[in-house]
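As structure tokens, the structure follows; a few thoughts come after it.
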Amino acid sequence: MERVVKLASEKAVVIFSLSSCCMCHAVKRLFCGMGVNPTVYELDQDPRGKDLETALMRLLGNSQSVPVVFIGGKLIGAMDRVMASHINGTLVPLLKEAGALWL
């Protein structure tokens with residue numbers, strides 16, 4: 001859990017992902033399309049990825065471990081939370097506050 005928190009707080013936008021996950025790809029495309037350059041940790045390509053995935057499942061309290069998005073070191077959640085924030089207009093202010101967007 002400590003490693004997840006440390007990694008998540010090092011950059012403005014952090015995504016924990018699996019390289020073969022379509023929802024992970026969609027959330028990465030969303031941020032890139034907005035002009036955000038997220039730091040992405042592909043858990044299936046990290047030697048300690050399984051440990052990170054287990055910690056993320058505990059953090060979220062469910063069996064879906066990816067994608068998990070942190071903005072400004074704060075847990076936003078999985079794809080459903082990110083999309084809800086995008087639709088209701090709260091995502092851009094979060095990104096600006098974290099220094100990930102300037103416009």
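Bear in mind that the values here come from a model prediction, so they are computed numbers and not experimental data. Sequence positions, counted from 1, serve as the residue numbers for this chain. Keep in mind that the numbers below use all heavy atoms, side chains included, and drop hydrogens, waters and symmetry copies.
- When all heavy atoms of C32 and P38 are compared, the pair lying nearest together is SG-CD, 4.2 Å.
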Donor-acceptor contacts, no H, no angles, side chain residues 87-94, under 3.5 Å, sequence neighbours left out:
residue, atom, partner, partner atom, Å
N88, OD1, T90, N, 3.0
N88, OD1, T90, OG1, 2.7
N88, ND2, A84, O, 3.3
T90, OG1, S85, O, 3.4

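- Of the inter-residue distances, the one linking R48 atom CZ with Y41 atom OH reads 12.0 Å to the nearest 0.5 angstrom.
- In terms of heavy atoms, V14 sits closest to A8 at CG2-O, 3.7 Å.
- Residue N37 qualifies as open at atom CG: its count of foreign heavy atoms under 6.0 Å is 12 or below.
- The cluster map of Ile, Leu, Val, Met, Phe, Trp and Tyr, joined by side-chain heavy atoms under 4.5 Å apart, puts L18 and V27 in different clusters.
- Annotation for M34: atom CE counts as buried by contact number, over 12 foreign heavy atoms lying within 6.0 Å.
- Distance check: D51 CG to D46 CG gives 9.0 Å after rounding to the nearest 0.5 Å.
- Residue V68 is not grouped with residue V40 when hydrophobic side chains (ILVMFWY) are merged at heavy-atom distances under 4.5 angstrom, including chains of intermediate members.
- Here E2 does not pair with K6 in a salt bridge; the nearest charged N to carboxylate O distance is not below 4.0 Å.
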Side chains of residues 73-82: which donor-acceptor pairs under 3.5 Å do they make with residues two or more places apart or in other chains?
residue, atom, partner, partner atom, Å
K74, NZ, E97, OE2, 3.4

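- Using modelled atom types and a 3.5 Å distance limit, the side chains of E42 and S19 yield no donor-acceptor pair.
- I71 approaches A98 most closely through the heavy-atom pair CG2-CB, 3.7 Å.
- For the residue pair A12 and G99, the shortest heavy atom distance occurs at CB-C, 4.4 Å.
- Looking at every heavy atom in both residues, C21 comes nearest to V66 through SG-CG2, 4.4 Å.
- Atom CD of Q45 has more than 12 neighbouring heavy atoms from other residues, nucleotides or ligands inside a 6.0 Å radius.
- Residue L60 is grouped with residue L52 when hydrophobic side chains (ILVMFWY) are merged at heavy-atom distances under 4.5 angstrom, including chains of intermediate members.
- Using a cutoff of 4.0 Å between basic side-chain nitrogens and carboxylate oxygens, K50 and D44 are not scored as salt-bridged.
- Residues V13 and L95 form a side-chain contact, since some pair of their non-hydrogen atoms from C-beta on lies under 4.5 Å apart.
- Proximity of T39 to I15: side-chain heavy atoms (C-beta onward) are nowhere separated by under 4.5 Å.
- Annotation: ring-ring contact (aromatic ring centres under 6.0 Å, His included) contacts of F70 (sequence neighbours excluded): F16.
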### Task
Applying side-chain contact (heavy atoms from CB on, under 4.5 Å), run through R3 and L7 and close with a yes or a no.
CA-CA 6 Å; R3 184 164 182 240; L7 292 172; 4.0 Å; yes

